[in-house]
Amino acid sequence: MLNRWSWIRAVVAARRGAIAVVAAGTVLAVAGGVYLSARAADSSKPDLGAGKVIDADNVELSDSQVESVDVTTVAEHVFPLQREAVGSIDFNEDLSTQVFTPYQGRIVKLFAKLGDNVSQGEILFTIESPDLIQADSTLIAAAGVLDLTTRALERAQELYKVQGIAEKDLQQAMSDQQTAEGALKAARNAVEVFGKSQAEINRMVKTRTIDPYLVVPSPITGRVTARNAAPGLFVQPGNPPAPYSVADISRVWMNASVTESDMPLVHVKQKIEISILAFPNRIFSGEISAVGSSVDPQLHRGLVRAEVDDPKHELLPGMFASFVIATGAPESNAAVPLDGVIRQGDGTMTVWVTTDRHHFTKRVVRIGLQHAGYDQILDGLRPGEQVVTKGAILLDNLVGGGLS
């Protein structure tokens with residue numbers, strides 16, 4: 001019995017030993033893989049680790065190591081003094097109008113659809129107006145009275161010639177006829193106010209029939225931007241919504257939001273260049289037409305409005321846009337590509353300068369504007385000097401590593 005238990009313990013111990021060997025092998029394999037990966041990663045980086053660090057601001061590289069960095073000559077570039085802002089396209093409200101009917105009535109027919117281009121005076125819709133019907137009725141009645149008084153005057157004149165009536169009766173007939181003439185003239189003017197022509201008025205007088213339809217034309221040349229009219233709809237003057245809205249879209253607005261620090265630099269009549277997201281390869285010209293008189297206290301931005309000519313009617317309200325405005329004469333300064341300027345932990349900006357492409361010196365510079373991929377150098381570099389672009393950050397890391 002004791003031998004049997006001894007045999008079982010021996011088997012268990014053997015199995016535990018085998019598991020430990022397998023686990024150890026797995027750990028060694030993983031460690032080996034990590035080591036090989038690290039070696040491979042290190043071999044893919046530029047080999048600047050062997051560069052000679054002279055001090056905190058100077059590094060010397062061998063001929064093979066120099067191939068890992070790019071050196072360029074400092075040249076002067078033009079940096080425009082400008083500000084940018086974003087906004088959107090909108091209708092020019094100075095060139096847009098809501099078209100209301102001048103008199104109440106029921107819409108009979110629509111002539112223009114949303115998006116149609118219309119000319120000034122072109123008919124938009126017609127209404128059947130009770131006010132026009134009343135004016136037409138007064139016109140026809142006045143014409144009838146005039147005819148009656150004219151014939152009465154003619155008879156009175158004939159009778160007066162043969163002493164058939166007294167002079168006062170003749171004068172009364174003349175007065176009645178003159179009163180009828182004045183009433184007819186007033187009735188014609190009243191109908192003309194509704195937009196009826198003299199030819200149409202003459203036809204109504206001749207045929208003794210009314211024309212109840214009032215024509216509502218477009219007051220300007222432009223595009224129909226809204227239509228709330230429908231046949232049978234009863235409309236009244238000034239009662240929103242307007243049956244039609246028409247806007248001249250040959251000149252549109254761009255409403256932009258400008259930071260409060262830039263507001264003093266923006267003035268009316270300044271020229272701007274506008275970029276539209278929908279037309280990425282085009283620049284539109286415009287002019288500042290209005291500058292807001294207040295600033296949003298939460299966003300700290302103010303409204304700036306520009307007018308943009310759009311003769312081809314390409315710019316649509318709501319399109320995203322941005323503008324650039326020149327705030328001064330362009331400046332010409334030494335410039336370095338953005339890759340060549342390194343920001344240090346204390347906020348200073350540095351570049352690596354060389355004279356022989358083997359010895360490199362870190363130099364503190366003062367930068368200004370950024371434009372077209374270059375930093376404006378205000379102090380610390382002169383045109384003609386050579387600086388590192390690609391690889392500047394590696395040189396900086398090398399100095400840090402050499403000093404640690």
Problem - Polar side-chain atom of D116 near backbone of A112 as donor-acceptor pair, under 3.5 Å - result: no

Handout entry: Pairwise side-chain contact, F100 with P237, heavy-atom cut-off 4.5 Å (strictly under)
Key = no

Practice task
May I ask you to decide if V336's main-chain N or O and D375's side chain share a donor-acceptor pair within less than 3.5 Å?
Solution key: no

Exercise for the section: Evaluate side-chain contact (heavy atoms from CB on, under 4.5 Å) for Q344 paired with D396, printing each intermediate quantity in order. Expected result: CA-CA 9 Å; Q344 302 296 327; D396 212 62; 3.3 Å; yes

Practice task
Would you kindly say whether T221 and Q120 are connected by a side-chain donor-acceptor distance under 3.5 Å?
Solution key: no

Handout entry: Spacing of Q134 atom CD and L139 atom CG [to the nearest 0.5 Å]
Key = 11.5 Å

Practice task
Answer yes when R251 and D309 have at least one side-chain N-carboxylate O distance shorter than 4.0 Å, and no when they do not.
Solution key: yes

Handout entry: Between D70 and T389, a side-chain donor and acceptor under 3.5 Å
Key = no

Completion exercise
The side-chain contact (heavy atoms from CB on, under 4.5 Å) partner of R83 among D262, V266, T259, V304 is D262

Exercise for the section: Give a yes or no on this: more than 12 heavy atoms of other residues, nucleotides or ligands lie within 6.0 Å of atom CD of Q163. Expected result: no

Exercise for the section: Sequence neighbours left out, what pairs pass ring-ring contact (aromatic ring centres under 6.0 Å, His included) with at least one residue falling in residues 122-180? Expected result: F125-Y244

Problem - N58 CG to T354 OG1 distance, which is reported to the nearest 0.5 Å - result: 10.5 Å

Completion exercise
Rounded to the nearest 0.5 Å, the CD1 atom of I201 sits from the CD1 atom of I140 at a distance of 11.5 Å

Exercise for the section: Report yes or no: do Q370 and Q376 form a side-chain donor-acceptor pair below 3.5 Å? Expected result: no

Problem - Whether S96 side chain and V246 backbone form a donor-acceptor pair below 3.5 Å - result: no

Handout entry: Spacing of L153 atom CG and E158 atom CD [to the nearest 0.5 Å]
Key = 10.5 Å

Exercise for the section: Answer whether the closest heavy-atom distance between the side chains of H77 and N333 falls below 4.5 Å. Expected result: no

Handout entry: Side-chain H-bond candidate by donor/acceptor type, R305 with N92, under 3.5 Å
Key = no

Practice task
May I ask you to decide whether E385 forms a salt bridge with R363, counting only side-chain N to carboxylate O separations under 4.0 Å?
Solution key: yes

Practice task
Scan side-chain atoms only and decide if N117 and H313 contain a donor-acceptor pair under the 3.5 Å cut-off.
Solution key: no

Problem - Flag side-chain contact, heavy atom, 4.5 Å: L110 against P231 - result: yes

Problem - Check ion pair E314-R282 (N to O, under 4.0 angstrom) - result: yes

Exercise for the section: Check whether any side-chain N or O of D131 sits under 3.5 Å from a backbone N or O of Y103 as a donor-acceptor pair, and report yes or no. Expected result: no

Problem - Whether S175 side chain and Q171 backbone form a donor-acceptor pair below 3.5 Å - result: no

Practice task
Check whether any side-chain N or O of T138 sits under 3.5 Å from a backbone N or O of A187 as a donor-acceptor pair, and report yes or no.
Solution key: no

Problem - Polar side chain donor-acceptor pair, N202 to Q198, under 3.5 angstrom - result: no

Handout entry: Gap separating the CD1 atom of I342 from the CG atom of L394, nearest 0.5 angstrom
Key = 8.5 Å

Handout entry: Main-chain N/O of E154 paired to Q157 side chain as donor or acceptor, under 3.5 Å
Key = no

Practice task
Sequence neighbours left out, what pairs pass salt bridge (charged side-chain N to carboxylate O under 4.0 Å, His left out) with at least one residue falling in residues 208-221?
Solution key: D147-R208, K196-D211

Practice task
Verify whether one side chain among Q270 and E287 offers a donor that lies under 3.5 Å from an acceptor in the other.
Solution key: no

Problem - Backbone N/O of V108 and side chain of T126: donor-acceptor pair under 3.5 Å - result: no

